[in-house]
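What follows is a short report on a single structure.
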Amino acid sequence: MSQLRNVFLRESEASTAPQMMAAYRAIKRALPRMKEKAGVKSLFTAAVFRDIVLAANILKKEEG
Amino acid sequence: MEKPAESVFLNIPYDRDFESLYLAYVVGLVRLGFEPRVTVAVPNDIGRLDTIIDLIQHCEYSIHDLSRIQPSASGIPRFNMPLELGLALYRSRTTTKEHRVYIFEQENYRIQQSTSDLNGLDRGFTMERRRG
């Protein structure tokens, strides 16, 4: 995460590396539910991808 | 008015061992204000290669994670990811930096051996493969 942040940090209000890791862990915990909801076993599907992006955006907005 | 997010094409291996890093890339990019784009999220109406070219064409950046370059279980090396890297480098080269390419590797300097044509470009970035 820190390497990714080093390369892509553009916004002054962008998440910190610990915030990014916290979001990663929270979404990882939710993955089984996301897969179940989508009726798939693989993470690499359009439906799960959309849910991951949605969840990451919601967590970002919640942190302000 | 909020500026639309710049998009990043993710060129990664779609296999079970890579799930954690895939999740890290997608979540990390969203949190940094970017829109990640992946081939698995695009309907395969026009064929995989055309889908990839289209994604590269419409993304400002691409990430190519070459940390898993070993042969597949069948013993046959897979060249899809280097192929996609080549497409992105061509776009970057022919559009005066409208598309920026970032290469992530597991080990420093391995890419100079595996893909020596890249020597002389900006160095790739190492991303350690960690869980969590």
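In what follows, every chain begins at residue 1, and chains take the letters A, B, ... in the order their sequences are listed.
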Is any side-chain heavy atom of [X] closer than 4.5 Å to a side-chain heavy atom of [Y]?
X       : Y       : result
B/Val26 : A/Val53 : yes
A/Val7  : B/Ile63 : no
B/Val27 : A/Lys28 : no
B/Ser20 : A/Tyr24 : yes

Give, for atom [atom1] of [X] and atom [atom2] of [Y], the distance between the pair rounded to the nearest 0.5 Å.
X       : Y       : atom1 : atom2 : answer
B/Glu19 : A/Ser42 : CD    : OG    : 6.0 Å
A/Phe44 : B/Thr39 : CZ    : OG1   : 10.0 Å
B/Tyr14 : A/Thr45 : OH    : OG1   : 11.0 Å

Taking a hydrophobic cluster as the set of Ile, Leu, Val, Met, Phe, Trp and Tyr residues connected by side-chain heavy atoms closer than 4.5 Å, whether directly or through intermediates, do [X] and [Y] fall within one such cluster?
X       : Y       : result
A/Leu54 : B/Leu23 : no
A/Leu31 : B/Leu29 : yes
B/Ile46 : B/Ile53 : no
B/Phe9  : B/Leu49 : yes
B/Val40 : B/Leu21 : yes

Problem - B/Val8, part contacting chain A, at a heavy-atom distance under 4.5 Å - result: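 Side chain only.
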Looking at every non-hydrogen atom in both residues, tell me the closest pair between [X] and [Y] and how far apart they are.
X       : Y       : value
A/Ser15 : B/Leu32 : O-CD2, 4.3 Å
B/Tyr22 : A/Leu43 : CD2-CD2, 3.6 Å
B/Pro36 : A/Phe49 : O-CZ, 3.3 Å

Discussion item. Salt bridge check, B/Arg31 against A/Glu63: does any charged N sit closer than 4.0 Å to a carboxylate O?
Written reply: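 So A/Glu63 pairs with B/Arg31 through a salt bridge.
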Inset, instruction - Compute the centroid of each ring, for B/Tyr102 and then for A/Phe8, and state whether the two points are separated by less than 6.0 Å. - result: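 Distance test on ring centres: under 6.0 Å, yes.
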